[in-house]
There are 2 protein chains.
Amino acid sequence: MSETHPIEKVTIIGSGPAGWTAAIYAARANLNPLVFPGRATGKDLLPGGQLMLTTEVENYPGFPSGITGPDMMQDFAKQALRFGTRVVTDDGIQTNEQVNKDAPLYTPFQNVKSVDLSKRPFTIVGDNGVEVKSHAVIIATGAKANWLGQENELRLAQSGGGVSACAVCDGALPMFRDAELAVIGGGDSAVEEASYLTKFASKVYMIVRRDVLRASKIMADRAMNNPKIEVLWNTKVADVLGDKVITGVTLQDAKTDEQRELPLTGLFMALGHTPITEFLNGQLDLDDAGYIKLKDPYRSTSNIEGVFVAGDVADHVYRQAITAAGMGCKAAIDAERWLAEQGID
Amino acid sequence: MSETHPIEKVTIIGSGPAGWTAAIYAARANLNPLVFPGRATGKDLLPGGQLMLTTEVENYPGFPSGITGPDMMQDFAKQALRFGTRVVTDDGIQTNEQVNKDAPLYTPFQNVKSVDLSKRPFTIVGDNGVEVKSHAVIIATGAKANWLGQENELRLAQSGGGVSACAVCDGALPMFRDAELAVIGGGDSAVEEASYLTKFASKVYMIVRRDVLRASKIMADRAMNNPKIEVLWNTKVADVLGDKVITGVTLQDAKTDEQRELPLTGLFMALGHTPITEFLNGQLDLDDAGYIKLKDPYRSTSNIEGVFVAGDVADHVYRQAITAAGMGCKAAIDAERWLAEQGID
């Protein structure tokens, strides 16, 4: 199937906090934005982004009693759709009138297969062949936390069962107070997350596959000097245990393969993140860690004029819903001003 | 009155979206933050910030049906207080248990009189003499839109009567569709706001005091070439007319003082903003426009180690609740990591 449409003013790829916020601002600027939200069954973009995998969100400002991640993202989508955002679905381009009203994120959306940013208007191709031409593009595809990949691990992460990939997001939850927790990973961010969790936990194990931390000397020292942190060297996690909530992990000695159980109340992944940039096929400058480089770090500009960037795909530092949403707003405002300069409005 | 307290870990000055978001993140990181929210009667800091002067907010993501500015900021405050943020009031330092539960922003808060950032711990002095020592400080004092200063203008701005200082925030409201609007100002941002409003309005007058635009050539050309924009040269606004909503303005010729009425449905100020930095007494580097300079524009660092900055006081580009909140989050995370490096946690 191949369709051609009039040239879009701005097309947004991704539908986490950054993508929908860009859409809200672009729609309210009368740019009639088009969003490729991604596909739940795809290997990359999850409609609604990482927050669809969380339960309670307590740190997004504006919700004093908290809100669930999926409810929040449905609200983001509803707000963007209400102001005239259109979305690419398996049935073509649809408006607010045509999507699932109660839960727009459960509409069967299109993923992006490829983009051609080499000439303007840019071309975006969906995974069922739909082809869109667009004057401006906002990339807000996010990053995926790296997981062990075990079934029980992912199930407990999605059900709020004490498994998480974000200590800053979830560390303050009551279930982790004065409890024994573990962090998997040996890099700087693993030490950062472990140190952070000692504010709440009675003890934090760092489960490290090798006999040395990949973390920098200063960070490694911080872990070593923290009386609440115990490093388990040469150790892998063979299994995550627990039914409704995690009860522990099965540890495996990386050298002897010997196994033992470690009771735990919480397990935090610090195995890094993978920004979703494969579909770009090298057309935008990336940094050493694979994140899209901002041309001006205060703004949302990339190395290609007319291509703007927002959210975790360009942020390996903060990775919060509120920071991603802020970047989405910047991207829409930058795109609107750039389009006005080009005489497109 | 002078009191001494134990040294605070982090003290936040300001209580708009940036300040409360910093407080939410700092509180959840167990830093037990202290906020100087400002004082409603003060000349500078308004508790809750600029949004307390707005009615409907439609572009803050997460509220598909909109929310009023004051309700939203009360919710921000409640969320920060819920997680243990303390506030400086006329009765001293108070907690969630002691403030007005339904509307915490109506508590009689303290403003900041002065700060001493020359040595650590830093010193913050409130306007009734309360003195706080703090290891880290987050400055989130915002910026004030410049207004004409007429009583009817401010009254209509606060009641949602069609007078605004932010076209991006309010331009898309239904009341302004196909209507005749005016922008007061002659700089780049006045042209930007006028151009933006032509997306919605049938006509936009630019009311310019002199016989030339202060805007750059490229921006001035844009105004001149836009058939919906008419520039009224050598013109001042002598009065803003209307009871519940604006009905027009009384224009006055800057040379002859001759007056005439211009019927209008909306009036937008583009007279610039004044960042609230006077209390800093020159202790932080400012840019040419008076905004605090970020040491690293992607982060929240200032030129003084341990002093972090968030929101409109460091942003003359975007000035949105969501961007300010994103910066507040960054400032709290940066402060938390810096405190951990100092061994303070």
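The sequence lines fix the lettering, A, B, ..., with proteins before strands; numbering per chain opens at 1.
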Worksheet item: What pair of heavy atoms forms the shortest contact from B/Val168 to A/Ile333, and how long is it?
Response: CG1-CD1, 4.3 Å
Item to complete: Please assess A/Tyr60 against B/Gln79 for the test side chain to side chain donor-acceptor pair (under 3.5 Å), listing each intermediate value before the final yes or no.
Response: CA-CA 9 Å; A/Tyr60 184 80; B/Gln79 194 168 349; over 6 Å; no
Response to the item:
Max heavy-atom pairs within cutoff under 4.5 Å with chain B, candidates A/Lys78, A/Glu58, A/Glu341, goes to A/Glu58
Worksheet item: How far does OG1 of A/Thr198 sit from CG of B/Asn30, to the nearest 0.5 angstrom?
Response: 9.5 Å
Discussion item. So which residue, A/Gly326, A/Pro297, A/Gly66, ends up with the most heavy-atom pairs under 4.5 Å with chain B?
Written reply: A/Pro297
Worksheet item: So A/Gln320 and B/Thr21, side-chain contact (heavy atoms from CB on, under 4.5 Å) or not? Walk me through it.
Response: CA-CA 12 Å; A/Gln320 301 297 302; B/Thr21 302; over 6 Å; no
Discussion item. Are A/Leu294 and B/Tyr298 packed together at the side-chain level, in the sense that at least one heavy-atom pair is separated by less than 4.5 angstrom?
Written reply: yes
Worksheet item: Relative to chain B, which segment of A/Ala314 carries a heavy atom at a distance below 4.5 Å: side chain, backbone, both, or neither?
Response: backbone
Worksheet entry | Distance-only side-chain donor-acceptor flag, A/Glu336 / B/Tyr196, under 3.5 Å | no
Discussion item. Among A/Ala27, A/Cys329, A/Ala29, which residue has the highest count of heavy-atom pairs closer than 4.5 Å to chain B?
Written reply: A/Ala29
Worksheet item: Under the side-chain contact (heavy atoms from CB on, under 4.5 Å) criterion, do A/Phe83 and B/Asn59 qualify, and how do the steps go?
Response: CA-CA 10 Å; A/Phe83 292 119; B/Asn59 57 12; over 6 Å; no
Practice prompt. Go through the atoms of B/Ala332 and report whether side chain, backbone, both or neither lie under 4.5 Å from a heavy atom of chain A.
Written response: neither
Discussion item. Quick check for you: among B/Ala324, B/Ala77, B/Pro61, which has the greatest number of heavy-atom pairs under 4.5 Å with chain A?
Written reply: B/Pro61
Discussion item. Centroid separation under 6.0 Å, is that true for the rings of B/Phe63 and A/Phe63?
Written reply: yes
Worksheet item: Considering only heavy atoms, which portion of B/Asp315 lies under 4.5 Å from any heavy atom of chain A: side chain, backbone, both, or neither?
Response: both
Worksheet item: Hey, does the side chain of B/Arg28 reach the backbone of A/Cys169 with a donor-acceptor pair shorter than 3.5 angstrom?
Response: yes
Worksheet item: Do you know which of A/Gly328, A/Gly62, A/Ala325, A/Ala321 has the most heavy-atom pairs under 4.5 Å to chain B?
Response: A/Gly62
Item to complete: Among the options A/Met327, A/Met72, A/Arg299, pick out the one with the most heavy-atom pairs lying under 4.5 Å from chain B.
Response: A/Arg299
Fill in: Side chain to side chain, A/Lys199 and B/Leu31, heavy atoms closer than 4.5 Å
yes
Discussion item. Counting heavy-atom pairs under 4.5 Å with chain B, which one of A/Ile67, A/Leu173, A/Asn226, A/Val317 comes out on top?
Written reply: A/Val317
Worksheet item: Would one find more than 12 heavy atoms of other residues, nucleotides or ligands at under 6.0 Å from atom NZ of A/Lys228?
Response: yes
Fill in: chain A contact via B/Arg82 - side chain, backbone, both or neither, heavy atoms under 4.5 Å
side chain
Worksheet item: Given that the side chain runs from C-beta out, which part of B/Met73 has a heavy atom under 4.5 Å from chain A: side chain, backbone, both or neither?
Response: neither
Discussion item. Please determine whether the number of non-hydrogen atoms from other residues, nucleotides or ligands lying under 6.0 Å from atom CG of B/Asp288 exceeds 12.
Written reply: no
